[in-house]
Every structure is written in C-alpha cells, then in structure tokens.
Amino acid sequence: MQNQCAGLEEAFESLGFLSIFFDISCGFVILFNDPFAIMFVVLAAFVGIVFGALPGLTAAAAIAMMLPILIAYNDEIGGLAGLAFLYVIGKSGRYGGSIAAILFNTPGTAASAATMQDGYPMTQSGKAGKALKTATVASVYGDYFGEIVLIFGAVWIAAFTRQFGPPENFAIYLMAFVVIGSVVSDSIIKGIISTLFGAVIGLIGEDIITGQFKMTMGIDELESGMALVPLLIGVFVISEVIIQAEKAAKVKMTEMARDKMDDPTAHYFTWGEFKRCIPLMFRSSIYGSLIGMMPGLGSSVACFVAYGEEKRKSKKKDEWGTGIVEGIAAPESANNAVSGPSMIPLLTLGIPGSTIAAVLIGMFLVNGLQPGPTIFASEPPLFMGGQLISPREFIFGIFAAGLIGIACYALIGYFAAPFIGRAIALLPTQYLYPFIFMTALAASYSSRASIWDVGFALLFGVIGYAMRRTNFSAAAFIIAFVLTSSMEEAFRQSMIISDKGFLVFTSFEYQGKFSYAPIFLMIGAAVVLFRAWTSYRARKTDAT
C-alpha cells in the first residue's frame, strides 16, 4: 500500500500542500482499492437509514447486531470493510431517525426528537416531501462539517496527547467518568450510579497484575471478562424489543398523511429556502461539532441546543413548531455534525465520545489497533483486505469511507426517503420485533458460540429495560464498561512508576516532566460543580 501512496506523497510535497491532504487522498486510494469496503459503505448507508427510521431502534442497536457477524468474518472481508460498514451505519442511522420523526411523529432515534416539532406539522399540511428533503440536505451539510473537523482536528490533538503518561491517562479516564456520569442523565446521581455500575461490570475477569480472577462467581466464561457483544445487544436491542412489546398497541406507524403527501408542488426544498437556511445550518453544525467532542454528550443534546438557540435568535419565533424548514434544518445539521467529532476523543485519548464510538472499539481491537494517541504514529503496517496498511493509513481510509458514506445516504435519502417511509409503515410490528429479538439472540450466541452469552444478553436486556424506565443512563453504563480495563491499567502503571502514591495524580511533575493530570482532575470537578449548580437553579426556577 505504501507503494500506492508513494506517488501521491511526492506530488503533495512538490506542491507544498499540508500532509493532511496527502493523508486523506491516500485514504481514498486505500478505500477504492478494497472492493469489499466500497460495497459495504453503500450497503451501510441503506441499512443505517432503515434501522434509524424504525421507531425505537437506533444506529447503536444496528451496530450491536452486526458486530458479531463482522468479527466472525473479519479475515474474509478485511478490517477496513467491517469498520467502514459500522462507521457509516452510525452516520446514516442518525439521518434515518428524521424519516420516522417527520412521517410518523415518532423519533426513530433520540437525536431526531427536536425534528418532530416542525417535521410532522409539515407532513400534516401536505409538505412531507419538502420536510424530508430539508432533513436530507441539513443532515449532509452537518455531517460533512463534522467530518472535516474530525479529519483536521484528530491528528493535531493526537500529536499533543502522545506525550501523556499513565498518570495523565488515569486522570483523563477519571475525568471522563465524572463528566459522562454528570451530564448524560437528567439526574447527576443517576448518571454517576450508571457509570459506577458499568465500571463494576468492567472489572469482572482476570487481574492484569496478579493474574487472579475477580468477581467471576465461579463461572468459567467470566474469567476473560464480560463480553461486549451480548452486553450491547441486551442493553440496546433486547431492552427496546421489551419496550416495543409493552406498547405494541400504541405504535401507529401507519398514520401517514398519504393523500396530502402526493401533492407534487409541496415536494421540493427550493433554492431560496436553502440559501435562507445556510447561516442557520452553519451555526448549528458548530454547536453539534463542539458537543460531539465532549465525551458523553451526543446528538440528542445537540439537536435540542441547536433548535433552542435558532428559535431564540429568530425574528419569527411564533412560526417555530408550526412546520417551517428552519425548524428541521437546525436540529438535523446539529445532530449529524456530532458524528465525526465524537470520534476525536476515541482516536486521540482512547475515550469513546458516544455509544457508537464505544462499540467501534471492539472492531479496532479485533484488527490489532489500540485507539488512542499512538494510533496516528508510524507503526508496522497491518495486512487487511489484501492490502498492507499502516494504522494511520487505515484511519484515513475510514475517514474516506465516512465522506463517501455521507454522499451515499444523501442520494438514497433525497430520492427514496418517502418510499422507505411508506415501506416501514406497512411493516407489521407483531412480526418485526419478534424477528429482531430472535436475530439478537442468534447474534449473541455467534460472538463466542456460548449459550452463556445468550443468557447474559437476556439478563442485560432486562437490566437495560429497567435502566430506561427509571431514567438511568445506558450510554454512561456502556462507556464506563468499555473504559474500565484501560483505566485500571493506567492506575496500576502510575502506582508502579511513582514513589508519591496517590499524590502522583495531583502533582504537576513526575519523572522530571510536566504533568497535566491535576488539570484534567480540576476540569472534571468543575464540570460536576457547574452541572450541580445548573440543576439547583432549574429546580429553584420550577419551584417558583
């Protein structure tokens, strides 16, 4: 593969371009030299839209179900194709949620909840085509904006974080735990409890120093730790099936305004409307990108922040919520702009910024890649998909897949979203969710060919259902579970290299160099205090 990019490198050096342009060009070369990867990117664009448009199911659920299959066939299809498939599902799934929000007044994903406020009124007034096209254009705008932030930001931040040692890494993990626990839930206490629960489950398995087994309760299958796949399927898929079964009679996917939607004059997102929305989409994309870079916050927060801010700035506040294109463009550009930047904490610090990023860690590890600051460094190349690829080239191949995937879901969404919506409306839910349930059990078993994993998936399905019903955060639980082993390793390493004990985390110096660890701990504490203060003010305002 180095030979394939060698000519490009000479051309970029002679032109004096930034190396980042060479990297992304090389990523496209790698992607287009892997037929499986291209095929999977196109397929992922469609699969993500369908899963996102199904009420209740999310991109994270789709990825959780696909992960064991891709891991099982990783050698056959190549690591690039598998990871590109999951990455693009994450993007198109966020967009697909807008179809259900606009046509059924039911958000396919939490990220599309704000889109309902103007999307469904437009459908009721016979402008469903315009609403869907507005959502498509705004989603693509925000997604490309976020992807550019990721491409230019990740390498620069990774170069800075590469100097961090175990004390800084532990402080970052601890900061992430505290920040995620305090911001992902309506209640700080419930968020922190969800995080701690995930950490406890993550501690199950073999001690990394002594080799002894912890909290395995004599179950041999737990000696290597709780597997990620059955846990994900339980929390995201089986819990959703239980919820859908519970409210089966209330699911009204067939209530589409079909007669009015066939009005040909109301199907277009005009050039004048697009120009009017450009400044709004630009600002909303900035909101989404900034929120995406913060671990724990996600598209559902970004869409409401953008909707609220743009409504506040609008000169026609009274029209918001009645069915205007601005009310769709703002949340859709914001929630899709989260996608790229949410990968920055994962690629630069090894901390997943979202549940989707947490799931992707499994696919990185299967291919011998450890997410973190060294992932962009020069390391021995890996053989994937018939190509010899360095980790840096692999990551830029994923970025290229993201850019192609956005174009694919743009085309599918712009021209076929109404048809996909009609098809979903015709699906009998009494057959759909049982099918998903059985598929989820099969996926749980296939990950390690273990009946115990099926039992764990069912157990965590019930736990996930209880968490969602009581407003505990499933996202905080999953992210904490994924991070715990790395956090434990950083803590043990810090204790070994330090003669200060716990003070190594509060000292600005260790082993003769400056330490950023106290700064990260102070940031975590500041976030918790700020969150507690805003919660107190909100309760006080509600009381008055």
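Residue indices begin at 1 and follow the sequence shown. Quantities reported herein were computed from a predicted structural model and do not represent experimental measurements.
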Do the rings of [X] and [Y] sit parallel, tilted or perpendicular, given the 30° and 60° boundaries?
X      : Y      : result
Phe145 : Tyr141 : parallel
Phe164 : Phe160 : perpendicular
Phe170 : Phe491 : tilted

Using a 3.5 Å distance criterion without hydrogens, assess whether the side chain of [X] forms a donor-acceptor pair with backbone atoms of [Y].
X      : Y      : result
Glu168 : Gly165 : yes
Ser494 : Pro166 : yes
Glu393 : Ser390 : yes
Lys130 : Thr270 : no
Ser194 : Ser473 : yes

Tell me if the aromatic rings of [X] and [Y] count as close, with their centers under 6.0 Å from one another.
X      : Y      : answer
Tyr516 : Phe514 : yes
Phe415 : Phe419 : no
Phe85  : Phe36  : no

Criterion side chain to side chain contact (heavy atoms under 4.5 Å, CB included) on Ile412 and Val42, from CA distance to verdict: CA-CA 10 Å; Ile412 297 171; Val42 177; 5.5 Å; no

Looking at [X] and [Y], what are the two nearest heavy atoms and their distance?
X      : Y      : value
Pro331 : Ala114 : CB-CB, 3.8 Å
Thr115 : Ser98  : CG2-CB, 4.4 Å
Ser342 : Ala357 : O-CB, 4.1 Å
Leu31  : Ala37  : CD1-CB, 3.7 Å
Ala457 : Ser444 : CB-OG, 3.3 Å
Ala128 : Ile102 : O-CG2, 4.5 Å

Verdict with supporting geometry, Val149 and Phe152, side chain to side chain contact (heavy atoms under 4.5 Å, CB included): CA-CA 5 Å; Val149 171; Phe152 283 88; over 6 Å; no

Close side-chain approach of [X] and [Y], heavy atoms under 4.5 Å:
X      : Y      : answer
Phe460 : Pro230 : no
Met281 : Phe274 : yes
Met293 : Val338 : no
Val237 : Thr439 : no
Leu521 : Met175 : no
Asn336 : Tyr144 : no
Leu441 : Ile238 : yes
Phe51  : Met65  : yes

With rounding to the nearest 0.5 angstrom, report the [atom1] to [atom2] distance, [X] to [Y].
X      : Y      : atom1 : atom2 : result
Ile478 : Thr195 : CD1   : OG1   : 11.5 Å
Phe399 : Ile30  : CZ    : CD1   : 12.0 Å
Leu347 : Ile398 : CG    : CD1   : 9.5 Å
Tyr173 : Ser485 : OH    : OG    : 8.0 Å
Ile361 : Leu365 : CD1   : CG    : 7.0 Å
Leu150 : Leu346 : CG    : CG    : 10.0 Å

Side chain to side chain contact (heavy atoms under 4.5 Å, CB included) evaluation trace for Leu174 with Phe520: CA-CA 8 Å; Leu174 188 59; Phe520 295 126; over 6 Å; no

Donor on one side chain, acceptor on other, Tyr95 and Thr136, under 3.5 Å: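 Yes - a donor-acceptor pair under 3.5 Å links their side chains.
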
Met66/Val47 under side chain to side chain contact (heavy atoms under 4.5 Å, CB included): CA gap, chis, key distance, verdict: CA-CA 10 Å; Met66 303 293 176; Val47 170; 4.0 Å; yes

Residue pairs involving residues 83-93 (criterion side-chain hydrogen bond (donor to acceptor under 3.5 Å, both in side chains); sequence neighbours excluded):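 Checked against side-chain hydrogen bond (donor to acceptor under 3.5 Å, both in side chains) - neighbours excluded - the pairs reaching residues 83-93 are Tyr87-Glu147, Lys91-Asp143, Lys91-Glu147, Lys91-Ser339.
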
Exceeds 12 heavy-atom contacts within 6.0 angstrom, atom CZ of Phe282: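 Atom CZ in Phe282 is not crowded, with 12 or fewer foreign heavy atoms closer than 6.0 Å.
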
Derivation and outcome, salt bridge (Lys or Arg N to Asp or Glu O under 4.0 Å), residues Arg283 and Glu310: CA-CA 9 Å; Arg283 290 191 296 269; Glu310 292 305 323; 2.8 Å; yes

Step-by-step side chain to side chain donor-acceptor pair (under 3.5 Å) determination, Glu489 to Ser486: CA-CA 5 Å; Glu489 184 178 353; Ser486 299; 5.4 Å; no

